[in-house]
Amino acid sequence: MAETLRKKRKFHPIYLLYGLLAFIIVSILSFSIFKPIKVLPRISLAPGYALTNQDNEPRTSEDYRGKLTLYTFTYSNCDGDCPEVNAQMQDIRTLLEESASDTVDYALVSVSLDPERDTPEALGLFAEPYLGADDSNVTWDFITGDPLHMKYMTGGGFGLFYEPKPDPNSADDYEIDFYPRFVLVDGWGIIRSEYRTAELNYDEVLDDIQYLTDEIANSQGAAKYAYEAAHLFRCYP
Amino acid sequence: MTTSENHTQSTRPIWVRIGITFLILLIAGVALLVAFNRLKPYAFHGAILQSPNPAQDFSLTNQYGQKASLSDYEGKVVLLYFGYTTCPDVCPTTLAEIKRALTVLGDRSDEVQTIMITVDPERDTVEVLSEYLAHFDPSFLGLVGTPDEVAQVATSYGVYFQKQETDSALGYLVDHTATVMLVDQNGYLRLIFPYGTEGSEIAEDITYILDH
């Protein structure tokens, strides 16, 4: 009788409390060490704008609210050694069409760096070989407008430096000097990732888009806390 | 010694032991709840930003005709809104929700500065702004600049605006992004509230930011 009682004493309820505490501590530690959920940092606010696309239709930053949007910068008179961003955007578009998600729409935007010469018509001609049929579920706009406002947008909002420089081959022509960049903006209009490169790593971009898509899909209920914790612990890829 | 301990233990009635177990589990449960509430990240009502750079400063003219900058309000939480005085519904609703948030905050509303930058600088003169904002709250600050100055500030805060001609007697309307932005005491843009966020929700987020 005394023997069984002594055995019972070993399962003192206090051990339950210790166990629970250990469980909490281990969960928090493993969350911050193994980073089970990956999120992209919310870097800064993307600029607001009201411009025109290649079909002469108005396009504003509000049109992309609720969509994951990949921006890039180019201009139609860009020739020779100009980075071929159009072809890369076209590739990304094809890949996104394949991985279309139910929860979020994707969009592409090419911003003109030379609004003085890039009229909507000029952009239309420039875009035409790449745009293809109209029925894609991933929209792609080439946008242009007031040069000063575009400077505020590209230079100020996206932080991309660009300036005209004389063309060595022709006195009255000019080129735009700039470092190529791609910028991923979420549905809140927040910049989530920047790729400062002339040659985009497609896997990296698609992974980033997937992280954002997952985050949107899990933005309700208890999963939201896990995602906020991932931001707190800076679980960045 | 051991035998006497065992003796007391064994004579303890079963219901006492059940009671102790229950009590310990209860304490553990409460501790867990408290720990969860402490550790659980606060869920903001607005969208969060983790910008490494301070919010873009600006210098415009206030409704009293004086120069005013964002940096003048360092140490306060700044609610930044872009609107205009002839705005039919969105702007008055938003300003009313901000006013409600300040009412909820009570005394702590002294630590908050509301700034409305007009997206209609052609019609919203200093006098017009002064008269308009007095209807809402005497503490609200209205700022105006040249159209280009306003465009530059709005762009950097993710706000677009565009004139929209109408047949109404009010003349043109200005379409614009209707978010409210929160700049914290150190000058960092922290939150963006979508249009329709309630005053009480804005107040909750402000309280959290003031406390942390």
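Quick note on labels: first sequence line is chain A, next is B, and so on, each numbered from 1. Every value quoted in this text rests on a predicted model; they were computed, and no experiment measured them.
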Next on the checklist: Measuring centre to centre across the rings, with the benzene-like ring taken for any Trp, is A:Phe182 within less than 6.0 Å of A:Tyr71?
Outcome noted: no
_Between A:Arg196 and A:Pro180 (side chain of the first, backbone of the second, donor and acceptor by atom type, cut-off under 3.5 Å), is there such a pair?_
no
The interface call for B:Asp148 against chain A, heavy-atom contacts under 4.5 Å, is both
Task: Ring-face cation contact, A:Tyr211 with A:Lys38, 6.0 Å cut, 45° max - done: no
Residue from A:Ser61, A:Gly157, A:Gly156 scoring the most non-hydrogen pairs under 4.5 Å with chain B is A:Ser61
Okay, A:Leu20 and chain B: the region with an atom under 4.5 Å from a heavy atom over there is side chain
Whatever's closer than 4.5 Å to a heavy atom in chain A on B:Leu25 counts as side chain
- Short N-O contact, A:Glu215 and A:Arg192, less than 4.0 angstrom: yes
Turns out that what part of B:Ile24 lies under 4.5 Å from chain A's heavy atoms comes down to side chain
Worksheet item: Are side-chain N/O atoms of A:Asp146 and A:Tyr49 paired as donor and acceptor at under 3.5 Å?
Response: no
With chain A, the option among B:Ala43, B:Ala55, B:Ala47 that has the most non-hydrogen atom pairs under 4.5 Å is B:Ala47
Separation between CZ (A:Phe23) and CG (B:Leu32), nearest 0.5 Å, reads 9.5 Å
From the list B:Ile20, B:Thr177, B:Ile48, B:Asn53, the residue making the most non-hydrogen contacts under 4.5 Å with chain A is B:Ile48
Whatever's closer than 4.5 Å to a heavy atom in chain A on B:Leu189 counts as side chain
Open item on the list: Parallel, tilted or perpendicular: which one describes the rings of B:Tyr208 and B:Tyr42, with boundaries at 30° and 60°?
Closed with: parallel
Honestly, the part of A:Ala46 sitting under 4.5 Å from a heavy atom of chain B is backbone
Note: vs chain A, highest number of non-hydrogen pairs under 4.5 angstrom among B:Ala151, B:Ser156, B:Ala31, B:Pro52 is B:Ala151
